[in-house]
Structure formats: structure tokens, C-alpha cells
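Note: hydrogens, waters and symmetry copies are ignored here, and every other heavy atom, side chains too, is used. Below, read A as the first sequence line, B as the second, and so on, with proteins coming before strands; counting in each chain starts at 1.
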2 protein chains.
Amino acid sequence: MPAKPRPSERPTPAPRSERGELPELARLDLGTLERRLGYFVRRLQVEIFQHFIAALASLNVRPAQYSVMVLIGHNPGQPQAAIARALGIERAALAKMLHELERRGWTQRLASVRDGRSHALFLTREGERALAGMEALTEGHERHLERRLGGRRYRELLALLKDFG
Amino acid sequence: MPAKPRPSERPTPAPRSERGELPELARLDLGTLERRLGYFVRRLQVEIFQHFIAALASLNVRPAQYSVMVLIGHNPGQPQAAIARALGIERAALAKMLHELERRGWTQRLASVRDGRSHALFLTREGERALAGMEALTEGHERHLERRLGGRRYRELLALLKDFG
DNA sequence: TATTGTTATACTCTATAACTATA
DNA sequence: TATAGTTATAGAGTATAACAATA
């Protein structure tokens, strides 16, 4: 549904984009946002997460849950604090998430033999299977991003960010 | 506070980072997250937003509020729907935010003369001043990001993302 | 019929504090 | 005294549906 022109109600003419087209779709002026890295990073992150959630809708898995499953899968036996620290999330948030993952039968907490305070985390057999399913869907999601961004931009972004992080 | 080594409680040796150091700080294996653009974009976005919020703490302005102020400032007289669409946020969320911005005396809603349904948005005189303050602090924030990421990576990221969005 | 702005609801995320049990 | 895990709370962000007024 094509929108109608938006009225500018002041003598001050609303600035137009540099491309010179008519304001039919009201391409607004981003102003100083054009120079804010956070603005563009946020827009991209939101788009990526939305597509990720849709891609994994059949498993009803959110990005944060996926990242926890991956980390436990690659680091079995680690305590919760180590996982939380590695992902930059709060211990409290992780505890709540693990409750849910355990309820689904995907993760397991075993009392640590070396430190009575900590829980060693593992995936269950079923959790391994679920993770395999997530990885298959996530691969498809990643290939979608590659097409969406263009292979070159995708690779350059990944290299820049990975090198930094 | 240096942490102690984390126990791996299974025969399976926990994978270590490629850098060969001892697992004193338990650098965990990111596994397949190493190939997920969304993971790195999210980590960067969170770091940027945290610093932004701290940098503008004296004004108590959140990133979304700042982006709305900038857009209204550069596109005076636009209706709410146009602002919401340009920023990719919900009309409902914007309505709530404008309530707050209006309460602070920074924005103004005038009934549109051309469309009885819509409100033309403007910054007040005070809003213009507040925005100027935000821009000064945001510039400092942006220069911090440039140092943090390295000037080259900062510029490359901004160019890649801006060109895409 | 469709759109604008609004309100209400629900759910997720985040941040914080307080608590216990261990170290 | 510090840490690990837990619980509870509050706040922000997001998504959705419903509604009145207007187009």
C-alpha cells in the first residue's frame, strides 16, 4: 500500500534525501543519526534477531537460549558463572533460562565434586539432538543473512567484528 | 579479582582457545557462535548502548529517545506514523515515548491542518537546547567508540552498515 | 475500508538486591 | 570475606489487539 505524501506544516522545508526523488514515501532525513554507529548496529541487530526467531520458530528457541545451548555443548561441565561471564549475561538471567531449558529436557545441572557451590552444566542426549536441529536452522538463517547483506559485506562485517570481539 | 581454574568434570577435555594459555580465566570455546554474525552484532550493540546510556546519564536519555529527538529535529511537522516508520518502532511505543518527552517539555504535538487524524511533531525551544546537549555528549561517545574499535575498524564498520541501511 | 493515535496487555530482557551455602 | 546459585523486583523494549476519530 503506497502511502500519500506527508505534510510539512512549517515554512521550514523538511530536508530531503540526497537522491532527489519526490517525497512520495516520505523518506525522512536521518540527520546526525547518519554518523552514529550505534544506530546502524542496532538496526542490523534487530533485523537479524527477528529473522533468527522466525527461522527457529518451529523449535521456539530465542537467540539467547541458542547461545547458551552452544556454549554448554562446546564446554561441558562448566559452572553457570563461567557461561554467564562468557556470554556477558547476568547469572540471575542465566539461572532462569536454565530452568526453562531443563524443563524441556535439554540441559542438566550436576553438583560439582570440586566446589560444593557450583553446578556443572551438560546437555542431555535430547539436548544434543535439539542443538543439532538448531544448528541446521541457524545455518539456513546465516545463509539468508549472507544473501541479504551481500556475500562481500557479510564476510567483511563478520571478519571485522570477530577480530574485535 | 582473578578467578580460579574451572573444573571440567568429564573425561572429555574442554576445548581451549587457540592461544595456548592455561585455562586460568577459563576462556571458553565459543563453538559455532564464531560463525554467527548475529552474535557479534549483538555483543557490539550491547556495549555501544551501555556506553551511550552512561555518556548521556546526566540528561537521563536513552538511545531510542535520542533517535526520536534527532528525527523530529530534522523533520519538523511530521506525523507520528512517519517517525515510527523511519525508525522501525511501533506507533504504540512511540506514543508512549512522546508522552514522556512532552512531559519533559521537549516535544510538542499540534493537530494537523491537513489530516484531522494526525499530530504534527515539533521540538520546543527547550527541546532544541536539550538536543544540542545530547549531540555534544553523543559526539564524545562516538569518539570513544572510535578509539575503542580503532579508527580504521570504526570507519569501515560505519561505511559498511550505512551503505547497507 | 484503511489509517492515525491511543490504551491495555503480555512477554522478554536487563539490572539490582537479598538470601543460602559454600569456599 | 568472597563466590555460586537462587529468588524477587522493577524498568525498558517489543508485539499485539482493540478502540474512536478521521480519511
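- With hydrogens and angles ignored, the 3.5 Å screen pairs a side-chain donor or acceptor of A/E142 with a backbone N or O of B/L37.
- Closest to the B/R85 side chain, of the nucleotides D/dT3, C/dT4, C/dT6, is C/dT4.
- When the P atom of C/dT12 is taken as reference, atom CZ of A/F52 falls 15 Å away, rounded to whole Å.
- In this entry the distance linking CE of A/M97 with P of C/dC11 reads 18 Å, nearest Å.
- Residue B/R62 has its side chain nearest to D/dA12 when only C/dT14, D/dA12, D/dT6 are considered.
- Remark: C1' of D/dA8 and CZ of A/R91 are 15 Å apart, rounded to the nearest angstrom.
- Rounded to an integer number of Å, the gap from CD of B/E102 to P of C/dG5 is 13 Å.
- Residue B/E90 is classed as a base contact, given a heavy-atom separation below 4.0 Å to a base.
- Rounded to whole Å, the distance from CG on B/L94 to C1' on D/dG13 is 13 Å.
- You'll find that the side chain of A/A81 is closest to D/dG5, out of D/dA23, D/dG5, D/dA2.
- Remark: the backbone N or O of B/L71 is paired with a side-chain donor or acceptor of B/N75 at under 3.5 angstrom.
- Counting only heavy atoms from C-beta on, A/D115 has its side chain closest to C/dT22 among C/dT14, C/dT7, C/dT22.
- Sequence order on DNA chain C of the closest nucleotides to B/A93 and A/A64 puts B/A93 first from the 5' end.
- Side chain of A/A92, nearest nucleotide from D/dA21, C/dG5, D/dA8: D/dA8.
- Considering all non-hydrogen atoms of both residues, A/L157 and B/L160 come closest at CD2-CD1, 4.0 Å.
- Across the protein-nucleic acid pair, A/L121 atom CG and D/dG5 atom P stand 7 Å apart, rounded to whole Å.
- For the pair B/Q80 CD and C/dT7 C1', the computed distance is 13 Å after rounding to whole Å.
- Counting atom types as modelled, B/R117 pairs no side-chain N or O with a base atom of C/dG5 as donor and acceptor under 3.5 Å.
- Set against D/dT6, C/dC13, C/dT7, the side chain of B/R42 has C/dC13 as its closest nucleotide.
- In this structure, OH of A/Y66 is placed 16 Å from P of C/dC13, rounded to the nearest angstrom.
- Sparse packing is recorded around CZ of B/R35, with 12 or fewer heavy atoms of other residues, nucleotides or ligands lying under 6.0 Å away.
- Residue-level contact check: A/Q50 touches the backbone only, with heavy atoms under 4.0 Å from sugar-phosphate atoms and none from bases.
- Using a distance-only test at 3.5 Å, with no hydrogens or angles considered, no donor-acceptor pair links the side chain of A/S118 to the main chain of A/S112.
- Here the side chain of B/H119 is nearest to one of D/dT7, D/dA4, C/dT6, namely C/dT6.
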